[in-house]
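Order of the sequence lines fixes the chain letters, A, B, ..., with proteins taken first and strands second; residue numbering starts at 1 for each chain. FYI, side chains are in, hydrogens and waters are out, and symmetry mates aren't considered; it's all heavy atoms of this structure.
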2 protein chains.
Amino acid sequence: MSQNKRTELIRKALDLFYQNGFHATGMDLVAERTGVSKTSIYKHFRTKEELILATLRLRDENFRNWLFRRMQELAPPPEDQLLALFDALGEWFSQSTFRGCMFIKASAEYQDRDHPINVQAMEHKRLLLEHFANLAEQADLDEPRALAAQILILKEGAIVLAAMSHSGAPAQDAKRAAERLVALASGS
Amino acid sequence: MSQNKRTELIRKALDLFYQNGFHATGMDLVAERTGVSKTSIYKHFRTKEELILATLRLRDENFRNWLFRRMQELAPPPEDQLLALFDALGEWFSQSTFRGCMFIKASAEYQDRDHPINVQAMEHKRLLLEHFANLAEQADLDEPRALAAQILILKEGAIVLAAMSHSGAPAQDAKRAAERLVALASGS
DNA sequence: GAAAAGATTTACCGATCTGTTCATCTTGGC
DNA sequence: GCCAAGATGAACAGATCGGTAAATCTTTTC
């Protein structure tokens with residue numbers, strides 16, 4: 001299997017898991033929808049869990065690339081990027097394919113502390129936190145790590161509520177909160 | 001089946017669904033762990049989905065009762081209750097049985113907009129929002145509904161991150177953010 | 001063009017899924 | 001003590017689960 005085919009398989013499996021859930025998506029369906037026979041899939045991934053982990057790696061890469069780039073496009077200065085985060089989220093929420101955060105859902109279905117899927121989901125959130133903390137530092141804001149943690153909490157809460165309510169409003173609500181927190185960390 | 005037995009069945013099923021997930025928990029396991037035969041369960045609940053909905057109703061009642069009472073116990077004034085919320089969450093996070101928000105997980109596994117499980121999960125969040133908005137109004141805070149929406153976002157984000165990281169820290173992080181938002185809505 | 005390597009189809013494995021059938025057993029009311 | 005109602009275990013449907021075996025078909029390589 002070529003690298004392209006393999007990536008394409010992971011990409012399509014990602015869509016299925018993201019849209020339908022992990023337990024709810026069987027490997028027969030994955031084979032049917034990817035056009036790759038189940039035998040071939042199991043040649044390249046020893047278990048369903050390994051395939052899930054591969055989809056999460058791809059998602060992590062794609063999502064962070066998209067989000068960080070979009071934040072920078074919307075508002076280059078580091079301080080403004082922390083607010084543009086919520087505009088980017090708003091764009092995401094309004095997409096018809098939006099179904100919440102894949103890592104939250106993965107962690108919810110495989111929630112044991114040491115389960116590789118949960119570990120990988122947590123790693124994704126840690127990388128987001130790092131990025132926000134770096135931006136807060138570059139913007140010379142007070143207590144950059146504490147602020148970054150708060151921004152991350154606002155982001156996750158907005159995603160959860162947007163997915164559940166099928167509404168984009170939480171992006172604006174969270175942005176207003178973030179504006180005040182950033183202003184306080186900047187002004188004083 | 002007596003009302004007590006029925007409630008006990010729902011309570012034990014709730015624990016199983018909450019700890020293991022919905023798709024991952026089979027009805028055979030529910031029968032085994034509740035001590036109620038599968039035949040009897042299906043006499044009282046036509047489908048697994050109906051049993052899940054019953055567990056969510058019980059959870060909604062128990063959780064809101066506990067949370068609202070605890071918030072009031074910790075800090076009677078309405079304005080302080082909105083901050084005590086996060087202390088109550090901290091207590092919840094530190095319990096060994098804590099596994100995140102059952103409604104977020106239910107919504108993640110049954111995420112179709114019109115699915116009864118998702119509808120019921122959303123209704124739970126709406127009731128929380130109402131309560132927070134009432135408290136904000138009673139405390140005479142600016143834009144009480146907007147503040148309530150922000151508090152709710154902080155709460156959901158803190159729960160998600162606490163569950164994923166197996167740490168109670170998000171409760172304190174969210175509280176610090178809430179303190180500032182409440183102060184701004186109070187002072188100005 | 002032949003040999004080797006990889007992908008495919010098809011069928012299968014045993015386990016588990018939701019939900020049902022049925023014959024037996026327990027229980028409460030009179 | 002008797003009858004009816006309800007609960008039970010056990011077996012069973014039919015489908016699907018994750019995962020595999022073996023034979024056939026394609027593709028690459030030399």
Side-chain angles (χ1 to χ4, degrees), chain A residues 1-57 102 105-106 108-112 115-118 120, chain B residues 1-57 102 105-106 108-112 115-118 120:
Chain A
M1 184 179 281
S2 70
Q3 192 64 29
N4 278 355
K5 280 280 177 192
R6 185 188 159 97
T7 303
E8 191 64 11
L9 162 62
I10 296 173
R11 206 188 55 74
K12 286 181 177 163
L14 190 163
D15 286 343
L16 285 171
F17 290 137
Y18 180 58
Q19 295 291 323
N20 303 348
F22 298 93
H23 284 97
T25 303
M27 293 299 284
D28 288 295
L29 184 66
V30 173
E32 183 193 321
R33 297 289 257 277
T34 58
V36 180
S37 71
K38 206 159 59 146
T39 313
S40 294
I41 296 177
Y42 276 102
K43 282 265 162 57
H44 294 274
F45 302 94
R46 277 167 33 201
T47 62
K48 181 183 182 180
E49 182 182 315
E50 276 197 12
L51 177 59
I52 292 175
L53 287 169
T55 66
L56 291 181
R57 277 190 290 271
M102 187 163 189
K105 300 198 291 184
E109 289 200 49
Y110 304 90
Q111 58 192 344
D112 288 352
H115 195 294
I117 291 177
N118 184 59
Q120 193 150 324
Chain B
M1 184 180 281
S2 69
Q3 193 62 29
N4 279 354
K5 280 279 178 194
R6 186 188 159 96
T7 304
E8 190 63 11
L9 162 62
I10 296 173
R11 205 187 57 73
K12 287 180 177 163
L14 190 164
D15 286 343
L16 285 171
F17 289 138
Y18 181 57
Q19 295 293 324
N20 303 348
F22 297 93
H23 284 97
T25 303
M27 292 299 281
D28 288 296
L29 184 65
V30 172
E32 183 192 321
R33 299 288 257 277
T34 58
V36 179
S37 71
K38 205 161 57 148
T39 316
S40 295
I41 296 177
Y42 276 103
K43 283 264 163 57
H44 294 273
F45 301 95
R46 277 168 32 201
T47 63
K48 180 183 183 180
E49 181 183 316
E50 275 196 12
L51 176 59
I52 292 176
L53 288 170
T55 67
L56 291 180
R57 276 190 292 270
M102 187 162 189
K105 299 198 293 185
E109 289 199 49
Y110 304 91
Q111 58 193 344
D112 287 352
H115 194 294
I117 291 177
N118 184 59
Q120 192 150 325

Quick one: side-chain hydrogen bond (donor to acceptor under 3.5 Å, both in side chains) partners of [X], sequence neighbours excluded?
X        : value
A:Gln111 : B:Lys105
A:Gln19  : A:Arg99
B:Ser37  : B:Ser40

Quick check against the 3.5 Å criterion: does B:Glu109 have a side-chain atom that pairs as donor or acceptor with the backbone of A:Gly21?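 No, B:Glu109 side chain to A:Gly21 backbone: no donor-acceptor pair under 3.5 Å.
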In residues 21-28 of chain A, what residues come within less than 4.0 Å of DNA chain D, judged by heavy atoms?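 Correct list: A:Thr25, A:Gly26, A:Met27, A:Asp28.
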Which residues pass the side-chain contact (heavy atoms from CB on, under 4.5 Å) test with [X], not counting sequence neighbours?
X        : value
A:Asn20  : A:Leu16, A:Thr25, A:Leu29
B:Lys12  : B:Glu8, B:Thr34
A:Ala106 : A:Phe22, A:Leu56, A:Ile117

Under 4.0 Å from OP1 or OP2 of D:dT20: is there any side-chain N or O of A:Tyr42 that close?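 Checking D:dT20 against A:Tyr42, no side-chain N or O comes under 4.0 Å of OP1 or OP2.
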State which residues pass ring pair (Phe, Tyr, Trp, His ring centres under 6.0 Å) with B:Tyr110; sequence neighbours excluded, sorted by chain then number.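 By the ring pair (Phe, Tyr, Trp, His ring centres under 6.0 Å) rule, B:Tyr110 matches B:His23, B:His115.
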Every protein N/O within reach of nucleotides 24-26 of chain D N/O, cut-off under 3.5 Å:
none

Quick one: salt bridge (Lys or Arg N to Asp or Glu O under 4.0 Å) pairs with a partner in residues 24-41 of chain B, sequence neighbours left out?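 Non-adjacent pairs meeting salt bridge (Lys or Arg N to Asp or Glu O under 4.0 Å): B:Asp28-B:Lys38.
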Where each residue is assigned the nucleotide of DNA chain D containing its nearest heavy atom, which of A:Leu29 and A:Lys43 is assigned the position nearer the 5′ end?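 Its nucleotide being nearer the 5' end, the pick is A:Leu29.
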Return the value, rounded to whole Å, for the distance between atom CD of A:Glu32 and atom P of D:dC17.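 Value for this atom pair: 11 Å.
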Atom pair distance, as rounded to whole Å: NZ in A:Lys48 and P in D:dC17: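 Rounded to whole Å, this separation is 8 Å.
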A side-chain contact here means heavy atoms from C-beta on lying under 4.5 Å apart; do A:Glu50 and A:Tyr42 qualify?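 No, side chains not in contact.
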Give every pair of a protein N or O atom and an N or O atom of nucleotides 9-13 of chain D that lie under 3.5 Å apart, one pair per line with the distance.
from	atom 1	to	atom 2	distance (Å)
D:dG9	O6	B:Thr39	OG1	2.9
D:dA10	N6	B:Thr39	OG1	3.2

